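Beneath this line is the structure, given in structure tokens, with notes to follow.
The first residue in the sequence is number 1, and the count goes up from there. Owing to the predicted nature of the structure, the values given are computational and were not obtained by experimental measurement.
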Amino acid sequence: MGIRIARKTVHLEGHCTVEEAPPLLEALRKPGPHKVVLTKCLGLHAAILQVLAAARPAALTPPADPALAGVVMPFLQGAAEAAPPAPGAAA
């Protein structure tokens, strides 16, 4: 499955491989707030995590799998807290 993009919402579904990182980056580089839905995600490559950490989408729905959510969400929340504000973001 991988990545499915519907306007400003990106759905990561199934096992997301490194091949999905470039299209994900392109989708999240477009102007405006983005929502990323990980509900149907069963696993993801570290490159996907890096793109999400760097892009800091406006909204992020966690994976339904509690074990995956327990790894992914703290990583992404920690990255968001450690990163400087995005250009143009209100302080």
Side-chain angles (χ1 to χ4, degrees):
M1 286 196 131
I3 186 172
R4 182 171 52 91
I5 302 166
R7 297 190 185 180
K8 294 289 183 181
T9 302
V10 178
H11 299 267
L12 297 175
E13 302 170 343
H15 293 279
C16 300
T17 64
V18 69
E19 287 81 15
E20 275 90 34
L24 175 61
L25 178 61
E26 282 302 311
L28 295 177
R29 291 178 86 185
K30 293 181 180 173
H34 301 290
K35 179 179 181 180
V36 176
V37 178
L38 300 171
T39 307
K40 295 182 181 179
C41 184
L42 302 174
L44 37 91
H45 192 277
I48 302 288
L49 278 175
Q50 291 174 333
V51 169
L52 292 173
R56 292 179 297 176
L60 190 63
T61 304
D65 176 14
L68 183 59
V71 173
V72 169
M73 298 311 289
F75 174 80
L76 294 176
Q77 290 165 348
E81 292 169 4

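Across every non-hydrogen atom of Ala21 and Val51, the tightest pair is O-CG2, 4.1 Å. Closest approach of Leu68 and Cys41 over heavy atoms only: CD2-O, 3.4 Å. Nearest heavy atoms, Pro23 versus Ile5: O-CD1, 4.3 Å. Taking each heavy atom of His45 and Thr17 in turn, the nearest pair found is CB-C, 3.8 Å. Here the shortest heavy-atom pairing between Ala69 and Pro62 reads CB-CB, 4.4 Å.
When the side chains of ILVMFWY residues are joined at heavy-atom separations under 4.5 Å, either directly or via intervening members, Phe75 and Leu24 end up in a single hydrophobic cluster.
For the atom pair OG1 of Thr39 and CD of Glu13, the computed distance is 9.0 Å after rounding to the nearest 0.5 Å. Atom NZ in Lys30 sits 7.5 Å away from atom NZ in Lys8 (nearest 0.5 Å). Note that CE of Met73 and OG1 of Thr61 are 8.0 Å apart. Values are rounded to the nearest 0.5 Å.
Contact of the Ile3 side chain with the Leu12 side chain is registered, since non-hydrogen atoms from C-beta on lie closer than 4.5 Å. Inter-residue side-chain proximity for His11 and Lys40 is flagged as unmet; no heavy-atom pair is nearer than 4.5 Å.
Remark: Lys35 NZ is loosely packed, at most 12 non-hydrogen atoms of other residues, nucleotides or ligands lying under 6.0 Å away.
Here the rule is side chain to side chain contact (heavy atoms under 4.5 Å, CB included) with Leu52, and of Leu28, Leu25, Val10 only Leu28 fits it.
At distances below 3.5 Å, at least one donor-acceptor pair connects side-chain atoms of His34 with backbone N or O atoms of Gly32.
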